[in-house]
Amino acid sequence: MTLARPVDASARDENGANPLARLLALGRPAVMGVLNVTPDSFSDGGRFLDPSIAIEQSQRMVAAGADVLDIGAESTRPYGGAVPVPIEEEIRRLAPVLPSAVALGVPVSNDTMKAKVAAWALASGAAIVNDVWGLQRDGDLARVAEHGVPVIIMHNRQAADPSIDIMADIAAFFSRSLDIAAGAGIARENIVLDPGIGFGKTAEQSITAVARLAELKSFGLPLLVGASRKRFIDKVSPASPDQRLGGSIAAHVLAAADGAAIIRTHDVPETVQALRIAAAIWSAR
């Protein structure tokens, strides 16, 4: 498989800095705004399918303080029911939106499970690839290494198994993914690990993954946490996805306290405010 060459901005910003290095140098958790240009995402299915509305949302998130945008055109909803999207359709949904988001001046991540979609996104200015299957689903996706761009490796399972030690499973999954990454030549400084809150996990296991996040520091890599609107919140405090802001913020503030370098959220203004207040309180101790 031949992957298209990306534009220069996909690996380096205008000052020659790696976009991940720039995010990690902020001295605080970076806020990643989620933009789903899909009809069936669990949290906001169809709301941003119209390109003009999606572009406006990307502008709002950046204005509210998003440090990076994560744009996906195929639902990876963790609880089943997502409809597989052909490569051509996924790119068709991204085409009117992703370049406009890139023009806003913050790094753009492409949330995809497909190497050909990732290649198109990188060639269109995306700076990061976010794979919810940790390089273990599409064998060609690891070849993003040819572009020298950051890669988010997320833990996932085909189905939840309440009998397993979820932290041991996450660690074993990451080890396999890191072996794949090393074999493809992906530099460790270009890797972010995401425990995959809600993906292939029971509600209790998602809570455990947040509670024991610090254990994953043993990999020596930056951690991303995306607990935004996830179903485990509903199990503790019943609420529909659009009514889970309080639970999302609670999980994200605790994750930040335990070392999360990137917080992925649908609710950018509220999350930015919560993290700033938490940081001010921590610094005053």
Side-chain angles (χ1 to χ4, degrees), residues 1-13 17-24 30 32-38 41 58 66-76 85 87 90-91 93-95 97-99 101-102 106-156 173-174 176-196 199 219 221-226 261-264:
M1 173 183 176
T2 300
L3 300 184
R5 295 292 300 173
V7 296
D8 291 343
S10 66
R12 303 283 165 178
D13 65 18
N18 182 297
L20 177 57
R22 189 173 71 181
L23 293 173
L24 298 178
M32 172 182 275
V34 180
L35 182 59
N36 297 310
V37 289
T38 61
S41 292
S58 67
D67 302 295
V68 55
L69 299 177
D70 189 41
I71 303 179
E74 177 180 28
S75 175
T76 53
V85 177
I87 291 170
E90 195 170 339
I91 292 174
R93 294 176 182 176
L94 290 169
V97 177
L98 189 143
V102 170
V106 301
V108 171
S109 167
N110 176 217
D111 181 354
T112 187
M113 299 181 285
K114 302 183 183 74
K116 288 184 178 179
V117 175
W120 177 90
L122 294 176
S124 300
I128 301 167
V129 173
N130 181 9
D131 180 11
V132 299
W133 277 99
L135 307 179
Q136 296 185 39
R137 175 62 66 90
D138 183 336
D140 286 319
L141 199 49
R143 292 188 60 189
V144 295
E146 294 179 356
H147 302 317
V149 298
V151 178
I152 299 169
I153 289 174
M154 195 193 84
H155 171 267
N156 210 336
F173 182 98
F174 283 162
R176 293 193 299 272
S177 292
L178 291 172
D179 285 344
I180 293 169
I186 299 176
R188 283 187 71 87
E189 62 263 28
N190 274 338
I191 297 175
V192 175
L193 300 180
D194 176 356
F199 287 82
F219 285 96
L221 294 169
L223 302 174
L224 180 154
V225 172
I262 302 173
I263 298 297
R264 183 179 184 273

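Computed from a predicted model, the values in this text were never measured in an experiment.
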The side chain to side chain contact (heavy atoms under 4.5 Å, CB included) partner of Met32 among Ile262, Leu23, Val225 is Ile262
Only residue of Ile191, Val129, Leu221 satisfying side chain to side chain contact (heavy atoms under 4.5 Å, CB included) with Ile153 is Ile191
Locate the shortest heavy-atom distance separating [X] from [Y]; write the atom from each residue and the value.
{"X": "Leu141", "Y": "Ala118", "answer": "CD1-CB, 3.6 Å"}
{"X": "Val102", "Y": "Ser124", "answer": "CG2-O, 4.1 Å"}
{"X": "Ala142", "Y": "Ile180", "answer": "CB-CG2, 3.9 Å"}
{"X": "Ile128", "Y": "Pro107", "answer": "CD1-CB, 4.4 Å"}
{"X": "Val117", "Y": "Ile87", "answer": "CG2-CG2, 4.0 Å"}
{"X": "Asp138", "Y": "Ala115", "answer": "OD2-N, 2.8 Å"}

Rounded to the nearest 0.5 angstrom, the CG-OG distance for Asp70 and Ser58 is 13.0 Å
Output for pair (Ile71 CD1, Thr112 OG1), nearest 0.5 Å, gives 12.5 Å
[X] versus [Y]: any side-chain heavy-atom pair under 4.5 Å?
{"X": "Leu224", "Y": "Leu193", "result": "no"}
{"X": "Val68", "Y": "Val108", "result": "no"}
{"X": "Met154", "Y": "Asp131", "result": "no"}
{"X": "Leu135", "Y": "Val151", "result": "yes"}
{"X": "Phe174", "Y": "His155", "result": "yes"}
{"X": "Asp67", "Y": "Val106", "result": "no"}
{"X": "Asn18", "Y": "Pro150", "result": "yes"}

| query | Does a side-chain N-to-carboxylate-O contact under 4.0 Å join Arg264 and Asp111? | reply | yes
Worksheet entry | Whether Phe173 and Trp133 hold their rings parallel, tilted or perpendicular, with breakpoints at 30° and 60° | tilted
- Query: Between Thr38 and Arg93, is a side-chain contact (heavy atoms from CB on, under 4.5 Å) present by the stated rule, with each step listed?
  - Reply: CA-CA 8 Å; Thr38 61; Arg93 294 176 182 176; 4.1 Å; yes
Take Glu90 and Lys116 through the test salt bridge (charged side-chain N to carboxylate O under 4.0 Å, His left out) and record every step on the way to the result. CA-CA 10 Å; Glu90 195 170 339; Lys116 288 184 178 179; over 6 Å; no
- Will you find, in the side chains of Gln136 and Ser177, an N or O donor that is under 3.5 Å from an N or O acceptor? yes
Whether the Asn110 and Asn130 side chains hold a donor-acceptor pair (N or O, under 3.5 Å, no angle test) is what I'd like checked. no
| task | Using the side-chain contact (heavy atoms from CB on, under 4.5 Å) rule, take Lys114 and Glu74 through it: C-alpha gap first, then chi angles, then the decisive distance, then the call. | result | CA-CA 10 Å; Lys114 302 183 183 74; Glu74 177 180 28; 2.6 Å; yes
*Kindly indicate, with the supporting measurements, whether the criterion side-chain contact (heavy atoms from CB on, under 4.5 Å) is fulfilled by Ser109 and Ile152.*
CA-CA 9 Å; Ser109 167; Ile152 299 169; 4.3 Å; yes
